[in-house]
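Every chain is numbered from 1, with letters handed out A, B, ... down the list of sequences.
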Protein chains: 2
Amino acid sequence: MDDSEFEPLLRSVDLRVTRPRLAVLRAVRRHPHADTGSVLAAVRAEEPSVSHQAVYDVLGALTESGLVRRIQPAGSVARYELRVGDNHHHVVCRSCGTVADVDCAVGHRPCLDASDSQGFVIDEAEVTYWGTCPACSTART
Amino acid sequence: MDDSEFEPLLRSVDLRVTRPRLAVLRAVRRHPHADTGSVLAAVRAEEPSVSHQAVYDVLGALTESGLVRRIQPAGSVARYELRVGDNHHHVVCRSCGTVADVDCAVGHRPCLDASDSQGFVIDEAEVTYWGTCPACSTART
DNA sequence: GCGAAAGACTTGACTGATTCAAGAAAGCCC
DNA sequence: GGGCTTTCTTGAATCAGTCAAGTCTTTCGC
């Protein structure tokens with residue numbers, strides 16, 4: 001409900017402050033790992049006239065500027081979360097697709113030094129853990 | 001061209017040996033990291049009458065049985081490679097989407113022990129490196 | 001080898017996330 | 001407040017992937 005932090009955030013990356021953008025940021029903060037559809041629904045709860053295209057545009061702009069982080073586990077649509085400074089990773093449930101945050105076991109950037117990078121200039125190492133969430137583990141028993 | 005190895009492979013996982021399946025396996029071996037469309041094209045080069053649905057079905061079956069591995073970096077369609085025993089990872093070019101193999105820096109399963117797994121039962125840790133491939137690095141200069 | 005049962009393939013339609021394009025509206029600097 | 005630029009709305013299109021129904025193959029017992 002407190003947008004005071006989002007406004008300067010947007011300005012800091014040279015993005016104009018608009019109602020749709022603030023609404024998207026709020027939605028992403030309240031629903032971590034939400035997909036575009038969920039963000040759209042959350043945004044419309046407070047700003048009914050926002051178009052789905054606007055949400056795509058905004059999420060794209062925020063991702064490009066680094067304010068939000070886009071993740072897309074195999075078999076899933078794109079999901080978004082507020083970019084926080086830490087380099088955390090994600091666990092994805094193979095059964096229901098739920099995503100949860102996981103701090104990296106290694107204190108610092110994990111495995112960032114590939115032994116043989118094939119000449120690629122690597123700038124990020126993304127780790128995705130796959131498994132079964134508590135709910136699905138129980139259900140399967 | 002030597003299918004002698006694929007036939008027992010299919011039987012070992014209780015899959016019937018069919019022309020489409022052998023063709024898909026050959027295609028995946030010859031084109032590592034190929035997407036479904038490329039696999040379809042390669043398959044049709046030798047088996048013109050194979051339907052696109054068959055390729056989806058076959059890739060699904062092979063993935064499920066563990067003979068091939070499906071990877072899907074964010075923003076990319078699904079890509080496939082022959083499952084080899086090693087636990088290698090991938091570098092993806094942010095610019096052109098090219099995928100290359102990378103041996104893991106850590107000798108064994110990297111980061112598989114998440115510090116806090118949120119109650120998830122984790123069975124795999126997937127690492128994706130993001131960066132710029134040699135060709136795109138050069139082009140951008 | 002032969003025939004039945006199960007599994008796999010073909011055909012054709014459909015879904016749903018994401019993107020493209022053109023014009024209207026709003027934010028920002030002076 | 002005026003005007004330029006960016007952003008948003010509207011509406012259509014694309015494209016990977018999926019669904020469904022019916023036909024053909026592979027397998028396996030005899």
Q. Any donor and acceptor pair, going by atom type alone, linking the side chain of A:Arg21 with main-chain N or O of A:Arg16 inside 3.5 Å?
A. yes
**Q.** Length of the line joining A:Asp57:CG and C:dA22:P, which is rounded to integer Å
**A.** 15 Å
Q: Using a heavy-atom cut-off of under 4.0 Å over every strand shown, decide if B:Thr18 touches base, sugar-phosphate, or nothing.
A: sugar-phosphate
Q: Specify the separation, in whole Å, of atom CG of B:Leu22 and atom P of C:dC9.
A: 10 Å
Q | Inter-end axis angle, the helix from C:dG1-D:dC30 to C:dC30-D:dG1, with every axis fitted to five base pairs (rounded, 10 degrees) | A | 50°
Q: For A:Ala61, report the nucleic acid contact type (base, sugar-phosphate, nothing); a contact means any heavy atom under 4.0 Å.
A: nothing
Q | Transitive ILVMFWY side-chain link A:Val13 to A:Phe6, under 4.5 Å | A | yes
Q.
Whole angstroms only, please: what is the CG-P distance between B:Leu62 and C:dA8?
A. 11 Å
Q: Rounded to the nearest angstrom, tell me the gap between atom CD in B:Glu7 and atom C1' in D:dT25.
A: 14 Å
**Q.** CA sep, side-chain torsions, deciding dist, call: B:Thr98, B:His33, side chain to side chain contact (heavy atoms under 4.5 Å, CB included)
**A.** CA-CA 9 Å; B:Thr98 294; B:His33 311 135; over 6 Å; no
Q.
Strictly below 4.0 Å: does A:Ser49 bring a side-chain N or O up to OP1 or OP2 of D:dC8?
A. no
Q) Among the nucleotides C:dT10, D:dT10, D:dG17, which one has an atom lying closest to any side-chain atom of A:Gln53? A) D:dT10
Q | Contact nearer the 5' end of DNA chain D, comparing B:Gln72 with B:Val17 | A | B:Gln72
(Q) From OH of A:Tyr80 over to P of C:dT18, roughly how many Å is that when rounded to an integer? (A) 6 Å
(Q) Do A:Ile122 and B:Val99 sit in one hydrophobic cluster, given that two such residues count as connected whenever their side-chain heavy atoms are within less than 4.5 Å of each other, even indirectly? (A) no
**Q.** Interatomic distance where CD belongs to B:Glu47 and C1' belongs to C:dC9 [whole Å]
**A.** 12 Å
Q. Can you name the closest pair of heavy atoms from A:Pro73 and A:Trp130 and give their distance?
A. CB-CH2, 3.9 Å
Q: State yes or no: do A:Tyr56 and A:Val24 share one hydrophobic cluster built from I, L, V, M, F, W and Y residues joined by side-chain heavy-atom distances below 4.5 Å, directly or via other members?
A: no
Q: Give a yes or no on whether a salt bridge exists between B:Arg69 and B:Glu126, defined as a side-chain N under 4.0 angstrom from a carboxylate O.
A: no
Q) What nucleic acid atoms does B:Arg21 come within less than 4.0 Å of, heavy atoms only: base, sugar-phosphate, or nothing? A) sugar-phosphate
Q: May I have the distance from B:Leu15 (atom CG) to C:dC9 (atom P), rounded to whole angstrom?
A: 10 Å
Q | 5'-most by nearest nucleotide on DNA chain C - B:Val50 or B:Arg16 | A | B:Arg16
Q: In whole angstrom, give the distance that lies between atom CG of B:Asp35 and atom C1' of D:dA16.
A: 10 Å
**Q.** Closest-nucleotide ordering on DNA chain C, the 5'-leading residue of B:Val55 and A:Arg11
**A.** B:Val55
